[in-house]
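Index from 1, following the sequence. Side-chain atoms are counted along with the backbone in the values below, which use heavy atoms only and exclude waters and symmetry mates.
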Amino acid sequence: MNPHSSSSDHITFAKRRNSLMKKAKDLSQLCDAEVGIIIFSCTGQLYEYSSSSMDSVIERYNNLKREAQPELDQPTVDAKVLEEEIANLNRQLQGLQEYHRQLMGEDLSGLSVKDIQNLENQLEMSLSTIRLQKEQIMMDQINELHRKRNLVHQENIELQEKCQIHREGSSSSEANRFHVSYGINTGDDTDIPIPSPSRRPSRRNRSATPPVTTELALRLSRPSDFTTLDDNE
């Protein structure tokens with residue numbers, strides 16, 4: 001090792017140490033803070049400074065450290081306790097599996113009559129609860145179907161009423177289209193409805209009956225308009 005380099009490092013260390021100690025002292029006096037500094041040199045020498053007592057500073061530090069991290073001070077869980085808990089959970093699991101097999105009708109050879117009776121009662125209670133739930137679901141579905149049927153029935157009634165109104169309007173307009181103006185010479189006119197073209201005579205009588213036009217008006221003269229030859233003479 002270079003003696004010159006070692007001496008330079010020692011001088012730098014001494015300057016920095018003295019400066020740090022002075023700053024710690026100023027901080028303690030000016031800010032009323034409790035300060036403690038521990039320095040080990042490269043040669044293993046100890047340098048320390050405390051505003052009160054180094055032991056009190058270290059004790060206060062340890063107390064605050066434990067309060068900040070309480071989980072670090074808790075004792076670790078014993079492995080034997082964990083093994084016992086795991087074994088207990090395994091026994092509970094095996095008991096539940098065995099009970100499930102018994103409910104399914106398996107492994108019943110080791111049960112007494114009383115045990116089988118208790119198992120049967122448990123199954124009956126379970127079946128009763130399941131049936132009640134099923135009936136409730138079915139009733140809800142039936143009520144929903146009734147509600148939908150009533151809605152459809154009401155819609156059908158409304159559609160029938162609309163169709164009836166439409167047919168009555170169509171029949172009225174059709175009747176107004178087909179009628180004949182009929183009257184005598186006195187000026188009285190009577191409207192005679194003409195059958196629709198769909199009510200034509202059968203093919204057998206069609207040749208004997210002259211065709212009737214839709215607009216036919218007959219005017220008959222009064223009896224006074226006719227004179228005999230004797231009256232003219």
Problem set entry | Side-chain heavy atoms of Lys22 within contact of Asn18, under 4.5 Å | no
Exercise. What distance separates Arg131 CZ from Thr129 OG1, expressed to the nearest 0.5 Å?
Worked result: 10.0 Å
I'd like a table of donor-acceptor pairs (distance under 3.5 Å, sequence neighbours excluded) in which one partner is a side-chain atom from residues 85-103, with atom names and distances.
residue, atom, partner, partner atom, Å
Asn90, ND2, Ile86, O, 3.2
Arg101, NE, Asp107, OD2, 2.7

Problem set entry | Beyond-backbone contact of Glu34 with Ser56, side-chain heavy atoms, under 4.5 angstrom | yes
Problem set entry | Distance-only polar pair, side chains of Asp9 and Thr12, donor-acceptor under 3.5 Å | no
For this session: Would you check if the side chain of Ser28 reaches a backbone N or O of Ala24 as a donor-acceptor pair within less than 3.5 Å?
Result: no
Seminar exercise, completed: On a heavy-atom basis, the closest approach of Val35 and Val57 is O-CG2, 4.3 Å
Exercise. Atom CZ in Arg149, atom CG in Asn156: separation rounded to 0.5 Å?
Worked result: 12.0 Å
For this session: Mind listing the closest non-hydrogen atom pair of Met54 and Tyr49 along with its distance?
Result: CE-O, 3.4 Å
For this session: Working to the nearest 0.5 Å, report the span between CG of Asn63 and CD1 of Ile58.
Result: 12.0 Å
For this session: Test Arg167 against Cys163 for side chain to side chain contact (heavy atoms under 4.5 Å, CB included), laying out the working first.
Result: CA-CA 6 Å; Arg167 283 196 298 267; Cys163 292; 3.8 Å; yes
Exercise. Looking at OH of Tyr61 and CZ of Arg66, how far apart are the two atoms once the value is rounded to the nearest 0.5 Å?
Worked result: 11.0 Å
For this session: Flag the pair Glu144 and Arg147 as a salt bridge only when some basic side-chain nitrogen lies within less than 4.0 angstrom of an acidic carboxylate oxygen.
Result: yes
Problem set entry | Separation of Ser19 OG from Arg17 CZ (nearest 0.5 Å) | 11.5 Å
Exercise. Any idea which heavy atoms bring Leu119 and Leu108 closest together, and the distance?
Worked result: CD2-CD2, 3.9 Å
Exercise. Is Met21 linked to Leu27 within one hydrophobic cluster, defined over Ile, Leu, Val, Met, Phe, Trp and Tyr using a side-chain heavy-atom separation of less than 4.5 Å?
Worked result: yes
For this session: Could you grab the distance from atom CG of Leu159 to atom CD of Gln154, nearest 0.5 Å is fine?
Result: 10.5 Å
For this session: Please name all residues satisfying ring-ring contact (aromatic ring centres under 6.0 Å, His included) with Tyr47, sequence neighbours left out, ordered by chain then number.
Result: Phe13
Seminar exercise, completed: Result for side-chain contact (heavy atoms from CB on, under 4.5 Å) between Gln164 and one of Glu161, Gln160, Glu168, His166 points to Glu168
Exercise. Are the side chains of Lys15 and Ile11 in touch, meaning some heavy atoms are under 4.5 Å apart?
Worked result: yes
Exercise. Any side-chain heavy atom of His10 within less than 4.5 Å of one from Thr43?
Worked result: no
